[in-house]
Number of protein chains: 2
Amino acid sequence: MALGKDYTGQDCTLARALEVVGERWTLLIVRDAFYGVRRFSDFLVHLDMPRAVLSARLSTLVEHGVLAKEGHEYVLTEAGLSLWPVVHGLACWGEQNFGELGPHRLFVHADCGTRIAPDGTCPTCGGAPVRPADLEIHPGPSAGLRDDAVSKALRTPHRMLTPIET
Amino acid sequence: MALGKDYTGQDCTLARALEVVGERWTLLIVRDAFYGVRRFSDFLVHLDMPRAVLSARLSTLVEHGVLAKEGHEYVLTEAGLSLWPVVHGLACWGEQNFGELGPHRLFVHADCGTRIAPDGTCPTCGGAPVRPADLEIHPGPSAGLRDDAVSKALRTPHRMLTPIET
DNA sequence: CTGTATCCTTAAAGATACTG
DNA sequence: CAGTATCTTTAAGGATACAG
């Protein structure tokens, strides 16, 4: 995002949010964090982005309390976890409107095994929103062909937020 | 967003979505569209952004079917309307984490008059998500001080998505 | 492995003027 | 009013090398 990432004069909460997570790559980093990615090199290879940019993004995310740095691992904070509806909602929106071949990942409620709705709720367990920790990731119809370690790991059904072994 | 706005290699639906609405200003434009802004000049003065950039953003939004152009007005399509949970969710996230003085706008369920929850549902009307058309906009605790016509209009409680008279 | 530091390229952002 | 056309600035993105 070039020039003045602060939306000067936009005195609304959406603009404030976009200052934190509205930059290029940022939301993809957060998504990967939900998937269980925690290490610098794993983000790097999975997102295929410049290391300097990744470093900068991770720093601002930590700075704003979206991620916390524990040793050499970046983990989602409470604020970061509360971003799940947005991340999931955007991904579903993209799938519905631009995903010809179906999603790449399916999110399944671990308790009952059903896929969660676009709004993040489980159809069979009542309207309650399902927390990320209660989700499992399964490969979708158009699961990727990339062969980096993280992508491969994501192709194996696993619990969300648990570190991905690479 | 500088350089390659396409997230090449990111074969996931989130990346696809971000290609459409992930650029700077875009989500603010969409938000304004929910508020009832429809005309070029109104977006321009309310967002205080370069006209060339606004023109480009509106074009891509129309191109991807988020907005439709009716004469000289830009209105949300079905795809655009379905972006509401994301826009509202992000705004709420910003409010909860960075909004010291409370929100600038309150979204109230027109049917019952209660403020909707962060997940877009009405607490008093059961867990069903409230559609944007059933919402009213009211000024919040920290409603802005900007004095352009659109900002003033937004300070008056009104129905969402109905054109703002300026 | 986890980053900084450097350099280069590109194009987004912004300002301004101009046209239909 | 609704845009297009230029022009300049600036920083983001990207590649590579280097350090802790």
Side-chain angles (χ1 to χ4, degrees), chain A residues 1-10 15 18-29 32-33 36-63 67-75 148-150 153 163-166, chain B residues 1-10 15 18-29 32-33 36-63 67-75 148-150 153 163-166:
Chain A
M1 185 166 296
L3 283 220
K5 70 179 171 183
D6 60 313
Y7 296 81
T8 314
Q10 293 301 320
L18 288 173
E19 287 175 20
V20 178
V21 297
E23 287 182 298
R24 189 158 149 70
W25 296 115
T26 302
L27 237 32
L28 294 175
I29 293 172
D32 274 14
V37 181
R38 295 188 178 179
R39 303 179 69 83
F40 189 90
S41 61
D42 286 335
F43 285 110
L44 198 63
V45 65
H46 187 234
L47 293 172
D48 191 31
M49 63 188 290
R51 27 192 340 118
V53 178
L54 175 60
S55 180
R57 293 295 180 279
L58 288 172
S59 293
T60 68
L61 285 173
V62 168
E63 180 188 337
L67 296 178
K69 195 167 181 178
E70 300 178 353
H72 275 183
E73 297 197 331
Y74 297 90
V75 297
D148 61 278
V150 176
I164 292 179
E165 301 297 335
T166 53
Chain B
M1 189 165 296
L3 284 220
K5 70 179 172 183
D6 60 313
Y7 296 80
T8 315
Q10 292 302 320
L18 289 173
E19 288 175 20
V20 178
V21 298
E23 286 181 299
R24 190 158 147 71
W25 295 116
T26 301
L27 237 32
L28 293 175
I29 294 172
D32 273 15
V37 180
R38 294 189 178 180
R39 303 178 70 83
F40 190 89
S41 61
D42 286 335
F43 285 110
L44 197 63
V45 66
H46 186 235
L47 293 172
D48 189 31
M49 63 187 289
R51 18 187 356 113
V53 177
L54 175 60
S55 180
R57 292 294 180 278
L58 289 172
S59 294
T60 68
L61 285 173
V62 168
E63 180 187 337
L67 296 177
K69 194 167 181 179
E70 299 178 355
H72 274 183
E73 297 196 332
Y74 297 90
V75 297
D148 60 277
V150 176
I164 292 179
E165 302 298 336
T166 52

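To find a chain, count down the sequence lines: A is the first, B the second, and so on, and within it residues start at 1. From a predicted model like this one, the values you see are computed outputs, not experimental measurements.
Put simply, OG1 on A/Thr26 and CG on A/Leu18 are 10.5 Å apart, with the number rounded to the nearest 0.5 Å. Remark: A/Trp25 CH2 to A/Met49 CE distance equals 6.0 Å, nearest 0.5 Å. Taken from CG in B/Asp32 to CG in B/Asp42, the straight-line distance is 9.0 Å, to the nearest 0.5 Å. For the atom pair CD (B/Glu19) and CZ (A/Arg24), the distance works out to 8.5 Å, reported to the nearest 0.5 Å. Taken from OH in B/Tyr74 to CG in B/Leu58, the straight-line distance is 5.0 Å, to the nearest 0.5 Å.
Side-chain nitrogen and oxygen atoms of B/Arg57 include at least one within less than 4.0 Å of the OP1 or OP2 phosphate oxygen of C/dA13. OP1 and OP2 of C/dT4 both lie 4.0 Å or more from every side-chain N or O belonging to A/Arg51. Look at B/Arg24 and you'll find a side-chain N or O under 4.0 angstrom from OP1 or OP2 of C/dG14. The shortest distance between the side-chain N/O atoms of A/Ser55 and the OP1/OP2 oxygens of C/dT2 is not below 4.0 Å.
Distance A/Leu54 CG to D/dA15 C1': 15 Å, rounded to the nearest Å. Following rounding to the nearest Å, A/Trp25 (CH2) and C/dA12 (C1') show an atom-to-atom distance of 17 Å. One can place CE of A/Met49 at 13 Å from P of C/dG3, the figure rounded to the nearest angstrom. The CD-P distance, from A/Glu23 to D/dG13, rounds to 7 Å in whole Å. As rounded to whole Å, 15 Å separates atom C1' of D/dC1 from atom CD of B/Glu165. Put simply, CG on B/Asp42 is 15 Å from C1' on D/dG3, counting in whole angstrom units. Atom CG of A/Leu47 is separated from atom P of C/dT2 by 14 Å (rounded to the nearest Å). One atom, CZ of A/Arg38, and another, P of C/dT2, lie 14 Å apart when rounded to the nearest Å.
Residues A/Pro50 and B/Leu58 each lie close to DNA chain D; by heavy-atom proximity, the contact nearer the 5' end of the strand is made by B/Leu58.
Judged by distance alone, the side chain of A/Ser59 and the main-chain N or O of A/Ser55 form a donor-acceptor pair under 3.5 Å.
End-to-end axis angle of the helix from C/dC1-D/dG20 to C/dG20-D/dC1, using five pairs per end and rounding to 10°, comes to 50°.
Relative to the side chain of B/Ala52, the nucleotides C/dT2, C/dA15, D/dG3 differ in distance, and C/dA15 lies closest.
In A/Glu165, the CD atom is not crowded: 12 or fewer heavy atoms of neighbouring residues, nucleotides or ligands sit closer than 6.0 Å.
Residue A/Phe43 is out of contact with every strand shown, counting any heavy-atom pair closer than 4.0 Å.
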